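Worksheet for the structure shown next.
A quick note: this is a predicted structure, and the numbers were derived from the prediction, not measured. All residue numbers in this chain count up from 1 along the given sequence.
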Amino acid sequence: MNENITILSIETSCDETACSIVRNGSELLSNVVVSQIESHKRFGGVVPEVASRHHVESITLVIEQALEEASMTPDMLDAVAVTEGPGLIGALLVGINAAKAFSFAHDLPLIPVHHIAGHIYANQLEEELTFPLMALIVSGGHTELIYMKDHLNFEVIGETRDDAVGEAYDKVARVIGLPYPGGPHIDRLSKEGQDTFDFPRAYLEGSYDFSFSGLKSAVINSLHNHRQKGLEVDPKDVASSFQHSVVDVLTSKTMQAVEEYKVKHLIIAGGVAANSGLRARFDQLARMHNITLHIPALKFCTDNAAMIGAAAYQLYLKGHFSDLNLNGRNFIDIEEYTH
């Protein structure tokens, strides 16, 4: 077997059209991402049909650019990988059909990749994963705690019961008049405000699950009550109070899981992992508890194809390939994914 496994990977699960070439799961040869944020801002969120159309326009170009940046031709590749799900089904299908066409045209194995596995393995691009580990995935569509004993061994010990944390950020941002995507704007404003509202913390005692719907409602109700009384509301204090609540819950539950499962390696993944307040708190706690913490660089937190290539390498080693009947799925149980 070729000792150097080079994989071209494609990611189109939401509103980024991305292609990357990764060697041996960690050596990044190219990483191209075309974002659609400007197109979706006017709607206050991602419109699936609009996202799919943009993927169609960009997918061939990002593949060509990734090959060009890596100074590679298709005959120098060992496989092509693509996000199978979860995600927006129309968006997924654009990437999957492009990957299937590329696989067929160049006689390359096709590797289907779970989107959350990709976020986890984004950490592999910068640092070797050491097991057992605990992974906290925080994004627009996901909030999960996953325990891993080994590569591709996923045990979900906690997940969201309602809104994902990134979704809550976007909804709260909207009600205080901030543009989409709301997370970065709330993070920035929170540094200038104070936790004056003392919003609730949903710890869900006895469970590692998360819930942010009540927090979102508390923010909306509080703003409504203040405005009814003619009181001024400082967006900086709302942002700070909201972020303090979110960070308290995420860090508290995660550190409980780290202690119970006796792991010494904690990784954070997903778009909300870019949040400066969350990064700072976890860094502080990791030093206090003497555990190894890794949070990817900001460019690997949001959706990208390099993370898909990193996960695909492990799947390649395991022989986890698909035929050309591969289809998109908006839900895939990660625990059953490689079994």
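Side-chain contact between Ser20 and Leu28: present, with at least one pair of heavy atoms (C-beta onward) separated by less than 4.5 Å. Counting heavy atoms from C-beta outward, Met72 and Thr6 have side chains that approach closer than 4.5 Å. Using a 4.5 Å cut-off on side-chain heavy atoms (C-beta onward), Asp78 and Asn4 make no contact. By the 4.5 Å heavy-atom criterion applied to side chains, Thr83 and Leu92 are counted as neighbours. Looking only at side-chain heavy atoms (C-beta outward), Asn327 and Ile96 stay at 4.5 Å or farther from each other.
A donor-acceptor pair is defined here as one N or O able to donate and one able to accept, closer than 3.5 Å; no such pair exists between the side chain of Thr160 and the backbone of Thr143. Panel note: side chain Gln314, backbone Leu152; no donor-acceptor pair is recorded below 3.5 Å. Ser139 places no side-chain N or O within 3.5 Å of a backbone atom of Gly270 that could act as its donor or acceptor partner. Panel note: side chain Asn304, backbone Ala306; a donor-acceptor pair is recorded below 3.5 Å. Side-chain atoms of Asp150 never come within 3.5 Å of backbone atoms of Asn153 as a donor-acceptor pair (strictly under, hydrogens ignored). At least one donor-acceptor pair under 3.5 Å links the side chain of Ser52 to the backbone N or O of Ala91. Looking at Ser213, its side chain never comes within 3.5 Å of a backbone N or O of Asp163 through a donor-acceptor pair.
For Gln194, the CD atom is loosely surrounded, since the number of other residues' heavy atoms within 6.0 Å does not exceed 12. Within 6.0 Å of CG in Asn290 there are 12 or fewer heavy atoms belonging to other residues, nucleotides or ligands. Within 6.0 Å of CD in Glu127 there are more than 12 heavy atoms belonging to other residues, nucleotides or ligands. In the displayed structure, Asn221 atom CG is contacted under 6.0 Å by more than 12 heavy atoms of other residues, nucleotides or ligands.
With sequence neighbours excluded, the residues that form a salt bridge (Lys or Arg N to Asp or Glu O under 4.0 Å) with Asp198 are Arg201.
Considering every non-hydrogen atom in both Leu8 and Ile10, the closest pair reads CD2-CG1, 4.0 Å. The shortest heavy-atom contact between Pro86 and Ser13 is O-CB, 3.8 Å. Of all the heavy atoms in Pro74 and Leu108, the pair that sits closest is O-CD1, 4.2 Å. In plain terms, the two heavy atoms of Ile63 and Ala98 that are nearest each other are CD1-CB, 4.3 Å. Taking every heavy atom of both residues into account, Ser9 and Ala305 meet most closely at OG-O, 2.7 Å.
The residues Arg53 and Glu57 are annotated as not salt-bridged, no charged nitrogen and carboxylate oxygen being separated by less than 4.0 angstrom. Asp283 and Arg287 are joined by a salt bridge, as a carboxylate oxygen and a charged side-chain nitrogen come within less than 4.0 angstrom of each other.
Taking CG from Asn123 and CD1 from Ile268, the interatomic distance works out to 8.5 Å, rounded to the nearest 0.5 Å. We find the CD1-CG distance between Ile308 and Leu315 to be 10.0 Å, quoted to the nearest 0.5 Å.
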Before giving the answer on side chain to side chain contact (heavy atoms under 4.5 Å, CB included), spell out for Val22 and Tyr313 the whole-Å C-alpha distance, their side-chain angles and the decisive distance to 0.1 Å. CA-CA 8 Å; Val22 178; Tyr313 173 68; over 6 Å; no
Go through it in stages, so that I can follow the logic: the residues are Asp303 and His119, the test is side chain to side chain donor-acceptor pair (under 3.5 Å), and I'd like the CA-CA distance, side-chain angles, deciding distance and then a yes or no. CA-CA 8 Å; Asp303 290 349; His119 274 306; 3.1 Å; yes
Kindly determine whether Ser240 and Asp195 satisfy side chain to side chain donor-acceptor pair (under 3.5 Å), including the steps that lead there. CA-CA 5 Å; Ser240 180; Asp195 183 9; 6.0 Å; no
Would Gln243 and Ser190 count as a side chain to side chain donor-acceptor pair (under 3.5 Å) if you check the C-alpha gap in whole Å, the side-chain angles of each, and the deciding distance to 0.1 Å? CA-CA 7 Å; Gln243 178 145 308; Ser190 70; 3.3 Å; yes
What's the verdict on side chain to side chain contact (heavy atoms under 4.5 Å, CB included) for Met134 and Ile157, showing C-alpha distance, side-chain angles and the deciding distance? CA-CA 10 Å; Met134 189 67 64; Ile157 66 167; 3.8 Å; yes
Please report the C-alpha distance between Val238 and Ile186 in whole Å, then the side-chain angles of each, then the deciding distance to 0.1 Å, and finally whether the side chain to side chain contact (heavy atoms under 4.5 Å, CB included) criterion is met. CA-CA 9 Å; Val238 177; Ile186 289 183; over 6 Å; no
Verdict with supporting geometry, Lys191 and Ser276, side chain to side chain donor-acceptor pair (under 3.5 Å): CA-CA 9 Å; Lys191 297 173 187 174; Ser276 65; 3.3 Å; yes
Going by atom type alone, with no hydrogens or angles, which donor-acceptor pairs under 3.5 Å involve a side-chain atom of residues 250-258 and a protein atom two or more places apart or on another chain?
residue, atom, partner, partner atom, Å
Thr251, OG1, Val247, O, 2.6
Thr251, OG1, Asp248, O, 3.3
Ser252, OG, Gln256, NE2, 3.4
Lys253, NZ, Tyr203, O, 2.4
Lys253, NZ, Ser207, O, 2.6
Lys253, NZ, Asp209, O, 3.2
Thr254, OG1, Leu250, O, 2.6

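Judged as a ring-ring contact (aromatic ring centres under 6.0 Å, His included), the pairs with a partner in residues 125-151 (not counting sequence neighbours) are, in order, Tyr121-His151, Phe131-His151, Tyr147-Tyr261. For the ring-ring contact (aromatic ring centres under 6.0 Å, His included) condition, no pair includes a residue of residues 65-99, sequence neighbours left out. For residues 84-103, every residue pair satisfying the side chain to side chain donor-acceptor pair (under 3.5 Å) rule, not counting sequence neighbours, is listed here: Glu84-Arg329. For residues 205-228, every residue pair satisfying the ring-ring contact (aromatic ring centres under 6.0 Å, His included) rule, not counting sequence neighbours, is listed here: Phe197-His226.
A side-chain N or O of Thr130 and one of His265 form a donor-acceptor pair less than 3.5 Å apart. For Ser211 and Arg161, the side-chain atoms include no donor-acceptor pair closer than 3.5 Å. Inspection of the His55 and Thr17 side chains reveals an N or O donor paired with an N or O acceptor under 3.5 Å. Residues Asn24 and Ser26 have side chains that never bring a donor and an acceptor to within less than 3.5 angstrom of each other.
For the side chain to side chain contact (heavy atoms under 4.5 Å, CB included) with Leu133, the qualifying choice from Ile291, Ile267, Val263 is Ile267, the only one to do so.
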